[in-house]
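Have a look at the structure below before the remarks.
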Amino acid sequence: QVQLVESGGGLVQPGGSLRLSCVASGNIFRLNVMGWYRQAPGKERELVAHILSDGKTYIRNSVKGRFTISRDNAKNTVYLQMNDLKPEDTAVYYCNLDNYERTWTNKVEDYWGQGTQVAVSS
């Protein structure tokens, strides 16, 4: 019932920047979280950052100071600004949206985008 469309991935040299975008459509609840996960070959998928519908953010320690997450609620879009990219940032990045029913303890729906490749290499 929710569709997520990602864009902005690509090949970048170390130290470069990219901005990922994810546009959500469909039945987006008042309480929701939009975020970015990434998965490198042979590794577990990991949460990079997320942002709640009220604007509260989480950024994993390994990208703090380099990545920024933001959202435009009017456009149902979440962004991940990625600066000073490093080879270890290479992964497929997935947009995620979680719908919550009434309270933040009741996650009821979980949606994923198709993924966008980020490659950091010289």
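Atom set for the values below is all heavy atoms of this structure, side chains included, hydrogens, waters and symmetry mates excluded. Since the model is a prediction, treat every value here as computed from it, not as a measurement.
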Evaluation steps, side chain to side chain contact (heavy atoms under 4.5 Å, CB included), between Tyr58 and Lys56: CA-CA 7 Å; Tyr58 164 82; Lys56 185 176 181 179; over 6 Å; no
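You'll find the ring centres of Trp36 and Phe67 outside the 6.0 Å limit.
Side-chain contact check for His50 versus Met34: every heavy-atom pair is 4.5 Å or farther apart. Counting heavy atoms from C-beta on, the side chains of Leu20 and Gln81 never come closer than 4.5 Å. In this structure, Val48 and Tyr93 have side chains that are in contact, with non-hydrogen atoms separated by less than 4.5 Å. Within the 4.5 Å cutoff, no side-chain heavy atoms of Asn76 are placed close to those of Val23.
Linking ILVMFWY residues whenever their side-chain heavy atoms come closer than 4.5 Å, directly or via other members, leaves Tyr79 and Ile51 in distinct clusters. When hydrophobic clusters are built by joining Ile, Leu, Val, Met, Phe, Trp and Tyr residues whose side-chain heavy atoms come closer than 4.5 Å, directly or via intermediates, Val63 is grouped together with Val78. Under a hydrophobic-cluster definition in which Ile, Leu, Val, Met, Phe, Trp and Tyr are linked whenever side-chain heavy atoms come within less than 4.5 Å, directly or via other members, Tyr111 and Ile28 are assigned to the same cluster. Under the 4.5 Å side-chain heavy-atom criterion for ILVMFWY residues, a single connected hydrophobic cluster contains both Leu31 and Leu52.
Looking only at atom types and distance, the side chain of Arg19 has no donor-acceptor partner in the side chain of Asn83 under 3.5 Å away.
Judged by the 6.0 Å distance and 45° axis criteria, Arg45 is positioned over the aromatic ring of Tyr94.
No donor-acceptor distance shorter than 3.5 angstrom exists from the side chain of Asn99 to the backbone of Arg30, with no hydrogens or angles considered.
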